[in-house]
Amino acid sequence: MEVNSEATRQTDYDQSEDDRRDAQKDKYMTFRLGNEYYGLKIQYVNEIIPYQTITAIPETAEYIKGLINLRGKILPVIDISLRFKQKPFEYNDRTCIIVTSVQSTVVGLIIENIAEVVEIREENILPPPSIGRSDKAQNKYVYGIGKVGDSVKLLLDPEKLINDEDASAMEQANNVEAEEREV
């Protein structure tokens, strides 16, 4: 009996991809901004890097801090606290950049500090409240509230963090990178 080893390897690869997706399904990277904790689905997180020097982009929204060079790739960076119209925090040695893929664009998200990776099952996720805060700015980015033990995490929709206007600024940053490669 002959076994097609290429087909077997592909099947093993497909199963390991499925297993990895299943293992990440309910996992969230949590981080702190001010007194609140937020969660981002782990599937959106490419890596976490220490804060580094950022090159400002003129005439962009205040929360778009600029560009960084990550191993030769130019990435736009957003300060999440400014995006939420919160008071800015002072960057320190705990400040991190979460490198994430959003709407087919790789973006860095500046956060105060990483908390942990937690598992939040779907049955422990509630819809965000429709009343409460007078400033609804951050609520439009929150798709749910995750219950973790006795605490809650505000779960972010990364695609809503980037609106069309931001996407064009991010695209310009990617075009700058492409032009630099051509030179």
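Sequential numbering from 1 along the given sequence is applied to the chain's residues.
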Original post:
Taking the side chain as C-beta and beyond, is there a heavy-atom pair between V99 and V106 under 4.5 Å?
Top reply: yes
**OP:** Please check if atom CZ in F89 has more than 12 non-hydrogen atoms from other residues, nucleotides or ligands closer than 6.0 Å.
**Re:** yes
Subject >> Sequence-distant partners of E90, side-chain contact (heavy atoms from CB on, under 4.5 Å), two or more places apart >> reply: none
Subject >> Q86 versus E36, closest heavy-atom pair with distance >> reply: NE2-OE2, 4.3 Å
**OP:** If a pair satisfies salt bridge (charged side-chain N to carboxylate O under 4.0 Å, His left out) and one of its residues is in residues 46-69, list it, with sequence neighbours excluded.
**Re:** E47-R71
Subject >> Which atom of C96 lies closest to which atom of I48, heavy atoms considered >> reply: CB-CG2, 3.9 Å
Subject >> Any side-chain heavy-atom pair of I145 and L155 under 4.5 Å >> reply: no
Subject >> Spacing of L70 atom CG and N46 atom CG [to the nearest 0.5 Å] >> reply: 9.5 Å
Subject >> Residue list, salt bridge (charged side-chain N to carboxylate O under 4.0 Å, His left out) with R32, at least two apart or on another chain >> reply: E112
Original post:
Is the ring centre of Y37 less than 6.0 Å from the ring centre of F31?
Top reply: no
Subject >> Pairing residues for V148 by the side-chain contact (heavy atoms from CB on, under 4.5 Å) criterion, not counting sequence neighbours >> reply: V118, I120, S151, K153
**OP:** Nearest 0.5 Å please: distance from the CE atom of M29 over to the CD1 atom of I111.
**Re:** 8.5 Å
**OP:** Any chance you could measure T100, atom OG1, to L109, atom CG, to the nearest 0.5 Å?
**Re:** 5.5 Å
Subject >> Interatomic distance, T30 atom OG1 to I114 atom CD1 [nearest 0.5 angstrom] >> reply: 7.5 Å
Original post:
Once you round to the nearest 0.5 Å, how far does OG1 of T105 lie from CD of E159?
Top reply: 10.5 Å
Subject >> Minimum heavy-atom distance between G144 and I125, given as atom pair plus value >> reply: CA-CG2, 4.1 Å
Original post:
What residues, two or more places apart in sequence or in another chain, satisfy side-chain contact (heavy atoms from CB on, under 4.5 Å) together with T55?
Top reply: none
**OP:** State, with a plain yes or no, whether a side-chain heavy atom of L82 is found less than 4.5 Å away from one of I64.
**Re:** no
Original post:
side chain to side chain contact (heavy atoms under 4.5 Å, CB included) with I110: which of L33, I68, I54?
Top reply: I54
Original post:
Closest approach of L40 and L156, non-hydrogen atoms and distance?
Top reply: CD1-O, 4.2 Å
Original post:
Atom CG of N113 and atom OG1 of T95: how far apart are they, to the nearest 0.5 Å?
Top reply: 8.0 Å
**OP:** Test Y38 against every option in Y28, Y141, F84 by the ring-ring contact (aromatic ring centres under 6.0 Å, His included) rule and name the one that passes.
**Re:** F84
**OP:** Test side-chain hydrogen bond (donor to acceptor under 3.5 Å, both in side chains) on D79 and Y91 and set out the steps.
**Re:** CA-CA 10 Å; D79 185 316; Y91 300 159; 2.4 Å; yes
Original post:
Tell me the ring pair (Phe, Tyr, Trp, His ring centres under 6.0 Å) pairs involving residues 96-129, sequence neighbours left out?
Top reply: none
Subject >> Minimum side-chain heavy-atom gap L67-I57 below 4.5 Å >> reply: yes
